[in-house]
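The next block holds one structure in the form of structure tokens; read it before the comments.
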Amino acid sequence: MKKDLRTIRTTTAVKTAFIDILQEKSFNKVTVSEIAKRAYILTSKLSNCITPINTIF
């Protein structure tokens with residue numbers, strides 16, 4: 001089954017944002033809202049897709 005291009009773009013944006021934030025602060029201080037803001041997506045969308053933050057990777 002082929003993944004939707006929008007899903008791939010969103011996932012890539014979230015991973016990139018997460019890596020960027022990790023370069024600035026420790027893992028325990030990263031919030032979902034920060035990742036969503038950097039990835040230009042709604043916090044609720046990210047929260048619905050990921051339960052704990054460590055499931056991003």
Side-chain angles (χ1 to χ4, degrees):
M1 185 176 185
K2 220 173 180 183
K3 275 193 173 181
D4 184 11
L5 185 56
R6 292 172 295 178
T7 304
I8 295 169
R9 284 185 187 151
T10 301
T11 304
T12 302
V14 168
K15 288 180 179 181
T16 302
F18 184 59
I19 290 168
D20 289 347
I21 293 170
L22 280 178
Q23 292 175 357
E24 298 170 11
K25 55 172 69 176
S26 67
F27 178 83
N28 295 333
K29 297 192 181 215
V30 178
T31 64
V32 171
S33 59
E34 285 179 299
I35 297 170
K37 192 174 187 179
R38 290 257 183 121
Y40 298 104
I41 62 171
L42 296 173
T43 303
S44 59
K45 181 176 181 178
L46 182 57
S47 297
N48 290 337
C49 297
I50 307 169
T51 341
I53 198 169
N54 59 354
T55 60
I56 290 177
F57 293 98

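- The two atoms that bring A17 and A39 nearest to each other are CB-N, 3.9 Å, heavy atoms only.
- Expressed to the nearest 0.5 Å, how far CZ of R38 lies from CD1 of I21 amounts to 4.5 Å.
- Heavy atoms only, all atoms of each residue included: L22 and F27 are closest at CD2-CA, 3.7 Å.
- If you take CD on E34 and OG1 on T43, they are separated by 10.5 Å, rounding to the nearest 0.5 Å.
- In plain terms, the two heavy atoms of R6 and D4 that are nearest each other are NH2-OD2, 2.7 Å.
- Remark: T31 OG1 to K25 NZ distance equals 6.0 Å, nearest 0.5 Å.
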